Visitor: 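Sharing a structure below in C-alpha coordinates format, with a few things to ask.
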Amino acid sequence: MADNKLIELLADGEFHSGEEVGALLGVSRTAVWKQVKKLESLGLALESKKGRGYRVVDGLSLLSAEAIRSALPAGVSESLPVLDIFQVVDSTNTVAAAKSPGVPGYRYLCLAEQQTAGRGRRGRVWQSPFGRNVYLSLVWQFSSGAAALEGLSLSIGVAVVRALRDAGAGEAQLKWPNDVLYHGKKIAGILLEMQGDPAGICQVIIGVGVNLDLRGASTAEIGQPWNDLYSVVGKVDRNRFVALLVTHLINVLEEFSRSGFAQLREEWGALDAYRGQEVAIHLGEQMLIGCAQGVDESGGLKVDIDGSQRVFRGGEISLRSMG
Ligand code: BTN
(Lines give C-alpha, C1' and ligand atoms only; values in the text may rest on other atoms or scores of the structure.)
Protein backbone atom coordinates (compact mmCIF):
# COMPACT_ATOMS: atom_id res chain seq x y z
CA MET A 1 0.00 0.00 0.00
CA ALA A 2 1.21 3.49 -0.81
CA ASP A 3 2.35 5.61 2.10
CA ASN A 4 -0.41 7.87 3.50
CA LYS A 5 2.05 10.57 4.53
CA LEU A 6 3.45 10.73 1.00
CA ILE A 7 -0.01 11.00 -0.55
CA GLU A 8 -0.94 13.75 1.90
CA LEU A 9 2.27 15.67 1.15
CA LEU A 10 1.84 15.48 -2.62
CA ALA A 11 -1.90 16.21 -2.53
CA ASP A 12 -1.22 19.96 -2.81
CA GLY A 13 -0.05 19.45 -6.41
CA GLU A 14 3.25 21.29 -5.71
CA PHE A 15 6.74 19.88 -6.32
CA HIS A 16 8.44 18.31 -3.29
CA SER A 17 12.12 17.43 -3.41
CA GLY A 18 13.47 13.93 -2.83
CA GLU A 19 15.22 15.24 0.35
CA GLU A 20 11.98 16.65 1.75
CA VAL A 21 10.05 13.45 1.04
CA GLY A 22 12.91 11.30 2.41
CA ALA A 23 13.01 13.34 5.62
CA LEU A 24 9.23 13.06 6.06
CA LEU A 25 9.19 9.30 5.55
CA GLY A 26 12.53 8.71 7.26
CA VAL A 27 13.91 6.83 4.26
CA SER A 28 16.65 7.17 1.62
CA ARG A 29 16.12 8.87 -1.76
CA THR A 30 16.10 5.46 -3.47
CA ALA A 31 13.32 4.34 -1.15
CA VAL A 32 11.46 7.58 -1.95
CA TRP A 33 11.61 6.74 -5.65
CA LYS A 34 10.13 3.30 -4.91
CA GLN A 35 7.27 4.88 -2.93
CA VAL A 36 6.59 7.29 -5.78
CA LYS A 37 6.42 4.34 -8.19
CA LYS A 38 3.82 2.75 -5.88
CA LEU A 39 1.71 5.89 -6.21
CA GLU A 40 1.96 5.65 -9.97
CA SER A 41 0.59 2.13 -9.76
CA LEU A 42 -2.56 3.61 -8.18
CA GLY A 43 -3.11 5.43 -11.46
CA LEU A 44 -2.07 8.85 -10.17
CA ALA A 45 -0.53 11.23 -12.70
CA LEU A 46 2.91 11.88 -11.21
CA GLU A 47 5.54 14.19 -12.57
CA SER A 48 9.20 14.14 -11.56
CA LYS A 49 11.51 16.98 -12.54
CA LYS A 50 15.25 17.17 -12.04
CA GLY A 51 16.11 19.69 -9.34
CA ARG A 52 12.45 20.13 -8.28
CA GLY A 53 11.31 16.70 -7.16
CA TYR A 54 7.89 15.08 -7.48
CA ARG A 55 4.32 16.26 -7.77
CA VAL A 56 0.83 14.90 -8.40
CA VAL A 57 -0.43 16.72 -11.48
CA ASP A 58 -3.47 18.85 -10.48
CA GLY A 59 -3.16 17.72 -6.85
CA LEU A 60 -5.75 15.71 -4.94
CA SER A 61 -8.69 16.62 -2.76
CA LEU A 62 -8.34 13.76 -0.26
CA LEU A 63 -11.29 12.46 1.72
CA SER A 64 -11.41 13.43 5.37
CA ALA A 65 -14.03 12.30 7.89
CA GLU A 66 -13.50 15.56 9.80
CA ALA A 67 -14.02 17.75 6.73
CA ILE A 68 -17.13 15.79 5.74
CA ARG A 69 -18.60 16.00 9.24
CA SER A 70 -17.94 19.72 9.48
CA ALA A 71 -19.82 20.27 6.20
CA LEU A 72 -22.82 18.17 7.32
CA PRO A 73 -25.83 19.74 9.02
CA ALA A 74 -25.58 18.91 12.76
CA GLY A 75 -28.66 16.69 12.74
CA VAL A 76 -27.33 14.60 9.87
CA SER A 77 -23.89 14.20 11.43
CA GLU A 78 -25.43 13.13 14.75
CA SER A 79 -27.55 10.53 12.98
CA LEU A 80 -24.38 8.85 11.67
CA PRO A 81 -22.31 7.58 14.59
CA VAL A 82 -19.75 5.83 12.35
CA LEU A 83 -18.10 7.29 9.26
CA ASP A 84 -15.07 5.33 8.01
CA ILE A 85 -12.70 6.45 5.28
CA PHE A 86 -10.46 3.84 3.68
CA GLN A 87 -7.60 4.25 1.25
CA VAL A 88 -8.05 1.10 -0.85
CA VAL A 89 -10.78 -1.56 -0.45
CA ASP A 90 -12.20 -4.20 -2.78
CA SER A 91 -15.71 -2.71 -2.63
CA THR A 92 -17.22 -0.31 -0.08
CA ASN A 93 -20.45 -2.36 -0.28
CA THR A 94 -18.54 -5.47 0.84
CA VAL A 95 -16.92 -3.56 3.71
CA ALA A 96 -20.27 -2.07 4.77
CA ALA A 97 -21.99 -5.48 4.68
CA ALA A 98 -19.30 -6.96 6.93
CA LYS A 99 -19.59 -4.05 9.39
CA SER A 100 -23.33 -4.31 9.71
CA PRO A 101 -24.26 -6.37 12.78
CA GLY A 102 -28.03 -6.25 12.36
CA VAL A 103 -28.53 -4.24 15.54
CA PRO A 104 -31.86 -2.29 15.46
CA GLY A 105 -31.43 1.21 14.11
CA TYR A 106 -27.80 0.59 13.13
CA ARG A 107 -26.37 2.99 10.55
CA TYR A 108 -22.97 2.88 8.98
CA LEU A 109 -21.27 5.00 6.34
CA CYS A 110 -17.98 4.36 4.60
CA LEU A 111 -16.05 5.77 1.67
CA ALA A 112 -12.84 4.77 -0.07
CA GLU A 113 -10.27 6.56 -2.20
CA GLN A 114 -10.12 3.54 -4.49
CA GLN A 115 -11.92 0.24 -5.07
CA THR A 116 -10.09 -2.71 -6.57
CA ALA A 117 -13.29 -4.68 -7.26
CA GLY A 118 -15.99 -1.99 -7.47
CA ARG A 119 -19.30 -3.62 -8.38
CA GLY A 120 -21.93 -2.27 -10.74
CA ARG A 121 -25.42 -3.60 -11.37
CA ARG A 122 -25.84 -6.86 -13.28
CA GLY A 123 -22.35 -8.11 -12.44
CA ARG A 124 -20.61 -5.21 -14.15
CA VAL A 125 -17.37 -3.69 -12.90
CA TRP A 126 -17.46 -0.12 -11.55
CA GLN A 127 -14.26 1.68 -12.51
CA SER A 128 -12.85 3.14 -9.30
CA PRO A 129 -9.54 4.97 -9.83
CA PHE A 130 -7.75 6.49 -6.83
CA GLY A 131 -8.58 9.80 -5.23
CA ARG A 132 -10.82 11.45 -7.80
CA ASN A 133 -14.38 10.15 -7.50
CA VAL A 134 -16.87 9.13 -4.80
CA TYR A 135 -17.35 5.50 -3.75
CA LEU A 136 -19.76 5.44 -0.82
CA SER A 137 -21.81 2.83 1.01
CA LEU A 138 -24.48 3.55 3.58
CA VAL A 139 -26.19 0.87 5.68
CA TRP A 140 -29.82 1.60 6.53
CA GLN A 141 -32.25 -0.62 8.36
CA PHE A 142 -35.87 -1.27 7.42
CA SER A 143 -38.34 -3.16 9.57
CA SER A 144 -41.16 -4.02 7.19
CA GLY A 145 -39.48 -6.48 4.87
CA ALA A 146 -38.21 -6.41 1.32
CA ALA A 147 -41.62 -5.86 -0.31
CA ALA A 148 -41.87 -2.40 1.23
CA LEU A 149 -38.60 -1.50 -0.44
CA GLU A 150 -39.92 -1.35 -3.97
CA GLY A 151 -39.17 2.11 -5.17
CA LEU A 152 -36.22 2.56 -2.79
CA SER A 153 -33.59 2.36 -5.52
CA LEU A 154 -35.48 4.98 -7.56
CA SER A 155 -35.71 7.18 -4.46
CA ILE A 156 -31.94 6.98 -3.97
CA GLY A 157 -31.58 8.18 -7.57
CA VAL A 158 -33.55 11.30 -6.62
CA ALA A 159 -31.13 11.94 -3.72
CA VAL A 160 -28.09 11.62 -6.00
CA VAL A 161 -29.58 13.99 -8.58
CA ARG A 162 -30.41 16.53 -5.86
CA ALA A 163 -26.74 16.47 -4.78
CA LEU A 164 -25.44 16.82 -8.36
CA ARG A 165 -27.84 19.67 -9.08
CA ASP A 166 -26.79 21.46 -5.87
CA ALA A 167 -23.18 21.04 -7.01
CA GLY A 168 -23.95 22.85 -10.28
CA ALA A 169 -24.98 19.99 -12.60
CA GLY A 170 -28.47 21.43 -13.04
CA GLU A 171 -29.36 19.14 -15.94
CA ALA A 172 -28.67 15.81 -14.21
CA GLN A 173 -31.47 13.32 -14.93
CA LEU A 174 -32.54 9.74 -14.19
CA LYS A 175 -32.88 6.70 -16.38
CA TRP A 176 -35.09 3.95 -14.96
CA PRO A 177 -34.50 2.38 -12.56
CA ASN A 178 -31.67 4.47 -11.15
CA ASP A 179 -28.91 5.39 -13.59
CA VAL A 180 -27.92 9.00 -13.16
CA LEU A 181 -27.21 10.76 -16.44
CA TYR A 182 -25.86 14.10 -17.51
CA HIS A 183 -26.71 14.99 -21.10
CA GLY A 184 -27.54 11.35 -21.74
CA LYS A 185 -24.25 9.97 -20.38
CA LYS A 186 -23.82 8.16 -17.09
CA ILE A 187 -22.40 10.30 -14.29
CA ALA A 188 -23.36 8.17 -11.25
CA GLY A 189 -24.54 4.64 -10.43
CA ILE A 190 -26.42 3.05 -7.55
CA LEU A 191 -26.20 -0.53 -6.30
CA LEU A 192 -28.53 -1.70 -3.52
CA GLU A 193 -27.78 -4.96 -1.74
CA MET A 194 -29.86 -6.43 1.05
CA GLN A 195 -29.17 -8.65 4.03
CA GLY A 196 -31.20 -9.85 6.98
CA ASP A 197 -34.76 -11.11 6.96
CA PRO A 198 -36.59 -10.43 3.66
CA ALA A 199 -39.88 -10.72 5.57
CA GLY A 200 -38.89 -8.60 8.57
CA ILE A 201 -35.89 -6.58 9.72
CA CYS A 202 -33.37 -6.13 6.95
CA GLN A 203 -30.41 -3.93 6.23
CA VAL A 204 -29.97 -2.34 2.86
CA ILE A 205 -26.47 -1.50 1.73
CA ILE A 206 -26.78 1.54 -0.46
CA GLY A 207 -23.75 1.85 -2.72
CA VAL A 208 -23.28 5.04 -4.71
CA GLY A 209 -20.51 5.80 -7.17
CA VAL A 210 -20.23 9.32 -8.61
CA ASN A 211 -17.82 10.25 -11.39
CA LEU A 212 -16.35 13.51 -10.18
CA ASP A 213 -13.23 13.52 -12.31
CA LEU A 214 -12.28 10.76 -14.70
CA ARG A 215 -9.43 12.62 -16.39
CA GLY A 216 -6.48 10.28 -16.81
CA ALA A 217 -8.49 7.18 -15.79
CA SER A 218 -8.65 4.14 -18.07
CA THR A 219 -12.17 4.85 -19.28
CA ALA A 220 -12.01 2.46 -22.25
CA GLU A 221 -13.33 -0.30 -19.96
CA ILE A 222 -16.44 1.62 -18.82
CA GLY A 223 -18.40 0.15 -21.72
CA GLN A 224 -21.07 2.87 -21.94
CA PRO A 225 -21.15 6.61 -22.60
CA TRP A 226 -19.96 8.38 -19.42
CA ASN A 227 -19.72 11.85 -18.00
CA ASP A 228 -18.06 13.40 -14.95
CA LEU A 229 -18.79 16.43 -12.79
CA TYR A 230 -15.43 17.93 -13.79
CA SER A 231 -16.64 18.25 -17.41
CA VAL A 232 -19.74 20.10 -16.18
CA VAL A 233 -18.49 22.45 -13.45
CA GLY A 234 -14.70 21.90 -13.17
CA LYS A 235 -12.98 20.84 -9.96
CA VAL A 236 -15.11 20.32 -6.85
CA ASP A 237 -14.13 19.84 -3.23
CA ARG A 238 -14.80 16.13 -2.74
CA ASN A 239 -15.53 16.41 0.99
CA ARG A 240 -18.14 19.10 0.39
CA PHE A 241 -19.69 17.05 -2.37
CA VAL A 242 -19.82 13.97 -0.11
CA ALA A 243 -21.50 16.07 2.59
CA LEU A 244 -24.14 17.22 0.07
CA LEU A 245 -24.69 13.67 -1.11
CA VAL A 246 -24.97 12.23 2.40
CA THR A 247 -27.40 14.97 3.45
CA HIS A 248 -29.69 14.25 0.49
CA LEU A 249 -29.41 10.48 1.02
CA ILE A 250 -30.43 10.75 4.67
CA ASN A 251 -33.28 13.15 3.88
CA VAL A 252 -34.61 10.89 1.14
CA LEU A 253 -34.26 7.76 3.30
CA GLU A 254 -36.22 9.44 6.05
CA GLU A 255 -38.88 10.55 3.58
CA PHE A 256 -39.00 7.03 2.14
CA SER A 257 -39.22 5.40 5.59
CA ARG A 258 -42.20 7.66 6.41
CA SER A 259 -44.17 7.59 3.16
CA GLY A 260 -42.51 5.25 0.65
CA PHE A 261 -41.89 6.10 -3.01
CA ALA A 262 -45.31 7.74 -3.48
CA GLN A 263 -43.97 10.97 -1.97
CA LEU A 264 -40.99 11.07 -4.35
CA ARG A 265 -42.71 9.87 -7.50
CA GLU A 266 -43.51 13.31 -8.88
CA GLU A 267 -39.91 14.48 -8.45
CA TRP A 268 -38.64 11.29 -10.11
CA GLY A 269 -41.02 11.94 -13.02
CA ALA A 270 -39.70 15.47 -13.48
CA LEU A 271 -36.16 14.06 -13.73
CA ASP A 272 -37.04 11.19 -16.10
CA ALA A 273 -34.66 11.35 -19.10
CA TYR A 274 -36.64 8.83 -21.20
CA ARG A 275 -40.25 9.89 -20.68
CA GLY A 276 -42.15 9.95 -23.98
CA GLN A 277 -39.23 8.37 -25.83
CA GLU A 278 -39.18 5.16 -27.79
CA VAL A 279 -37.26 2.60 -25.74
CA ALA A 280 -36.09 -1.00 -25.99
CA ILE A 281 -36.78 -3.09 -22.87
CA HIS A 282 -34.32 -5.93 -22.44
CA LEU A 283 -35.61 -8.87 -20.39
CA GLY A 284 -32.88 -11.50 -20.59
CA GLU A 285 -32.89 -12.68 -24.21
CA GLN A 286 -36.18 -10.96 -24.96
CA MET A 287 -36.47 -7.40 -26.26
CA LEU A 288 -39.65 -5.31 -26.47
CA ILE A 289 -40.14 -1.92 -28.05
CA GLY A 290 -42.47 0.72 -26.73
CA CYS A 291 -42.92 4.28 -25.58
CA ALA A 292 -41.77 5.08 -21.99
CA GLN A 293 -44.59 6.62 -19.91
CA GLY A 294 -42.91 7.28 -16.57
CA VAL A 295 -43.24 5.23 -13.38
CA ASP A 296 -46.14 3.98 -11.26
CA GLU A 297 -46.60 4.55 -7.50
CA SER A 298 -44.23 1.73 -6.56
CA GLY A 299 -41.52 2.55 -9.10
CA GLY A 300 -42.44 0.17 -11.96
CA LEU A 301 -41.74 1.45 -15.48
CA LYS A 302 -44.87 2.09 -17.55
CA VAL A 303 -44.47 1.43 -21.26
CA ASP A 304 -47.00 1.75 -24.04
CA ILE A 305 -46.56 -1.26 -26.32
CA ASP A 306 -48.79 -1.33 -29.41
CA GLY A 307 -51.44 0.77 -27.69
CA SER A 308 -51.62 -1.13 -24.38
CA GLN A 309 -49.82 -0.18 -21.21
CA ARG A 310 -47.47 -2.62 -19.49
CA VAL A 311 -45.53 -2.16 -16.26
CA PHE A 312 -42.00 -3.53 -15.86
CA ARG A 313 -40.36 -4.18 -12.49
CA GLY A 314 -37.09 -5.66 -13.77
CA GLY A 315 -34.91 -5.53 -16.84
CA GLU A 316 -32.93 -2.79 -18.51
CA ILE A 317 -33.97 -0.09 -20.93
CA SER A 318 -32.12 1.73 -23.62
CA LEU A 319 -33.13 4.44 -26.01
CA ARG A 320 -34.43 2.81 -29.18
CA SER A 321 -32.28 5.12 -31.29
CA MET A 322 -29.16 3.91 -29.47
CA GLY A 323 -30.00 0.20 -29.71
C1 BTN B 1 -24.23 0.72 -11.52
O2 BTN B 1 -23.89 -0.25 -12.20
O3 BTN B 1 -24.78 1.69 -12.04
C4 BTN B 1 -24.02 0.72 -10.04
C5 BTN B 1 -22.67 1.24 -9.63
C6 BTN B 1 -22.47 1.31 -8.15
C7 BTN B 1 -21.05 1.67 -7.76
C8 BTN B 1 -20.91 1.89 -6.27
S9 BTN B 1 -19.34 2.56 -5.85
C10 BTN B 1 -19.65 2.31 -4.17
C11 BTN B 1 -20.33 0.96 -4.05
N12 BTN B 1 -19.36 -0.10 -3.98
C13 BTN B 1 -19.42 -0.90 -5.06
O14 BTN B 1 -18.70 -1.90 -5.24
N15 BTN B 1 -20.39 -0.49 -5.89
C16 BTN B 1 -21.06 0.68 -5.38
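Predicted model, so just to flag it, every value in this text is computed and none were measured. Counting starts at 1 for both ligands and their atoms, following the listed order.
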Visitor: Using a 4.0 Å heavy-atom cut-off, say whether N178 meets ligand 1 through its side chain, its backbone, both or neither.
Guide: neither

Visitor: Decide yes or no on side-chain contact (heavy atoms from CB on, under 4.5 Å) for R107 and Q141, but give the supporting numbers first.
Guide: CA-CA 7 Å; R107 290 177 187 182; Q141 189 164 287; over 6 Å; no

Visitor: Have R313 and S298 got a donor and an acceptor in their side chains that come within less than 3.5 Å?
Guide: yes

Visitor: Taking side chain as C-beta onward, heavy atoms only, is V210 less than 4.5 Å from L164?
Guide: yes

Visitor: Does any non-hydrogen side-chain atom of V160 lie less than 4.5 Å from one of V208?
Guide: yes

Visitor: Nearest to atom 10 (C) of ligand 1, what protein heavy atom do you find, and at what distance?
Guide: T92 OG1, 3.2 Å

Visitor: Looking at L62 and F130, what are the two nearest heavy atoms and their distance?
Guide: CD2-CE2, 4.4 Å

Visitor: Side chain, backbone, both or neither: which part of T94 comes within less than 4.0 Å of ligand 1 when only heavy atoms are counted?
Guide: neither

Visitor: Heavy atoms only: give me the nearest R132-R215 pair and the separation to one decimal.
Guide: NE-O, 4.4 Å

Visitor: Could you tell me if D272 and Q173 have a donor-acceptor pair between their side chains, going purely by distance under 3.5 Å?
Guide: no

Visitor: Taking distance alone, with N or O pairs closer than 3.5 Å, would you say R119 contacts ligand 1?
Guide: yes

Visitor: Could you check whether any heavy atom of K186 sits closer than 4.0 Å to an atom of ligand 1, since that is the contact criterion I want to use?
Guide: yes

Visitor: Look only at interatomic distance and state if Y135 has a nitrogen or oxygen under 3.5 Å from any nitrogen or oxygen of ligand 1.
Guide: no

Visitor: What closest approach, in Å, do V36 and L6 show between heavy atoms, and which atom pair accounts for it?
Guide: N-CD2, 4.1 Å

Visitor: Which of the atoms in ligand 1, numbered in the order shown and given with their element, are less than 4.0 Å from a heavy-atom of G118?
Guide: 14 (O)

Visitor: Where is the nearest protein heavy atom to atom 5 (C) of ligand 1: which residue, which atom, and how far?
Guide: W126 CE3, 3.4 Å

Visitor: Inspect the contact between E171 and K185 and indicate whether a charged nitrogen and a carboxylate oxygen are less than 4.0 angstrom apart.
Guide: no

Visitor: So, does Q115 sit close enough to ligand 1 that a heavy atom of it is under 4.0 Å from the ligand?
Guide: yes

Visitor: Out of all atoms in ligand 1, which are within 4.0 Å of some heavy atom of S91? Include the element for each.
Guide: 12 (N), 13 (C), 14 (O)

Visitor: Starting from atom 8 (C) of ligand 1, what is the nearest protein heavy atom, named by residue and atom, and what distance separates them?
Guide: G209 N, 3.6 Å

Visitor: Atoms of ligand 1 less than 4.0 Å from G120 heavy atoms?
Guide: 1 (C), 2 (O), 4 (C), 5 (C)

Visitor: Among protein heavy atoms, which sits nearest to atom 2 (O) of ligand 1, and what does the distance come to when rounded to 0.1 Å?
Guide: R121 N, 2.7 Å

